[in-house]
Amino acid sequence: ALRHHEDWQRQWRNPTPKPRYDVIIVGGGGHGLATAYYLAKEHGITNVAVVEKGWLGGGNTARNTTIVRSNYLWDESAALYEHAMKLWEGLSQDINYNVMFSQRGVLNLGHTLQDMRDIQRRVNANRLNGIDGEVLDAEGVQSLVPIMDCSKRARYPVMGASWQPRAGVARHDAVAWGYARAADALGVDLLQNTEVTGFKIRDGQIQGVHTNRGDIEAKTVGCVTAGNSSVLARMAGFNLPLESHPLQALVSEPLKPVLDTVVMSNHVHGYISQSDKGDLVIGAGIDGYNGYGQRGSYPTVEHTLQAIVEMFPIFSRVRMNRQWGGIVDTCPDACPIISKTKVKGLYFNCGWGTGGFKATPGSGHVFAASLAKGEMHPIAAPFSIDRFHSGALIDEHGAAGVAH
Ligand code: FAD
Ligand code: PYC
């Protein structure tokens, strides 16, 4: 059948770097590509390069477990993630690319009284912010997910959950490819295999980047390099309060449809959904050590699968097909940094840690507006680096859903 799959059009050009652009985006993951797209589409800035050391979407964008939700506790993060959710809801039409956004709902389970109190508080806060959410008891959870062990026999019996019906999953590769194709069509140059090795800075103002393919000039540079952000910051002469850790995921052999929603438990600590291909998509917490290897350690895999089998004894004999890791940049308050820096014209968008996939459209949208205007978008402003000096942290460890 594949015989007829030939002479396909390229989805994007493979241009030679120009000597200078209006804006350079470093990092061709979902966030960087979305930024470039919105710069071109919403602000008419098309003389833009996305500089990517590997291939587009080859970082965390293509390695995550694709969970999308906006049920964060604090007003600042609720605004950011709900902005993204609204963009997700029209994204396939906007970029004319099927990102397979499936609003199948997300459950965040509670296994203790304190879990349930935190869930109540978060759902109340969400509803005050106009974000959908319900608190379910164990029976409500069981009726949504009949194959889960919600009995009292479990080591940590399920007491209930928060339920966000508009949450769900999306096809991660398609998000990167869709934004890439749409940005390219508007004139953005996507430069793959182009690694930024340093910054050109004169009198405190960014002048451009050094790369393995030569220097490229721009008076505005946005770094969206996820797990490598602190490395890039050091090249520019400052430190970021980030730790880079591996985060693993694994998928099973394909199964018939058995799970039509997303289940996350921060207490027994695992999360699971079933992809349209039928694989179970599974993850848990970060590996405890710092590192840049895109793999992880065996104890984490074992811990993850213990949690899954505890919640879903029915999966105990399912075989796992593939396992991998990505490098996530975790911030002390489990919130991103979207910020100007002490170098004029150099901006960073990073620190999304274990939870940035869901934010991809919103992050790109507010970052593009900030780069275009030279002033941080109001939704991005609270996520400035300055909060680590002022103390105005936004602690989202409870809503992060993944322990770190
Ligand atoms: P990336 O896709 O990593 O893009 C950064 C890019 O920068 C990379 O392509 C990299 O090659 C490039 N780069 C780095 N250094 C340089 C350089 N010097 N020069 C040029 N380019 C450079 N989030 C959720 O919301 N839901 C989930 O279910 C979820 N699950 C996850 C599961 C796993 C296993 C992992 C690893 C992450 C998960 N996340 C999840 C987090 C999410 O994937 C990330 O927060 C998000 O993808 C970050 O997006 P990005 O575009 O900034 O990063
Ligand atoms: O932030 O929802 C999330 C998440 C799920 C898996 C990893 N991160």
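Just follow the structure's listing: the first ligand is 1, and inside any ligand the first atom is 1.
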Contact atoms of ligand 1, heavy-atom distance to Lys358 under 4.0 Å: 24 (C), 25 (O)

Tell me, which protein residue and heavy-atom name are nearest atom 39 (N) of ligand 1, and how many Å apart are they? Thr354 O, 3.1 Å

Within a distance under 4.0 Å of any heavy atom of Ala226, pick out the atoms of ligand 1 and give their elements. 1 (P), 3 (O), 52 (O), 53 (O)

In terms of atom number and element, which parts of ligand 1 are under 4.0 angstrom from non-hydrogen atoms of Gly326? 36 (C)

Compute the minimum heavy-atom distance from Thr194 to ligand 1 and say whether it is under 4.0 Å. yes

among protein heavy atoms, the one nearest atom 21 (N) of ligand 1 is Lys53 N, 3.1 Å

Pull out every atom of ligand 1 sitting under 4.0 Å from any heavy atom of Ala249, numbered as shown with elements. 34 (C)

Could you tell me if any non-hydrogen atom of Ala400 lies under 4.0 Å from any atom of ligand 2? yes

Which option wins on minimum heavy-atom distance to atom 18 (N) of ligand 1: Ile327, Val196, Asp329? Val196

Quick look: Thr66 vs ligand 1, heavy-atom contacts under 4.0 Å, and the answer is backbone

With His31, the ring-ring contact (aromatic ring centres under 6.0 Å, His included) member among Tyr38, Trp352, Phe367, Phe357: Trp352

Atom 29 (C) of ligand 1: which of Asn64, Val328, Val26, Leu33 has the nearest heavy atom? Asn64

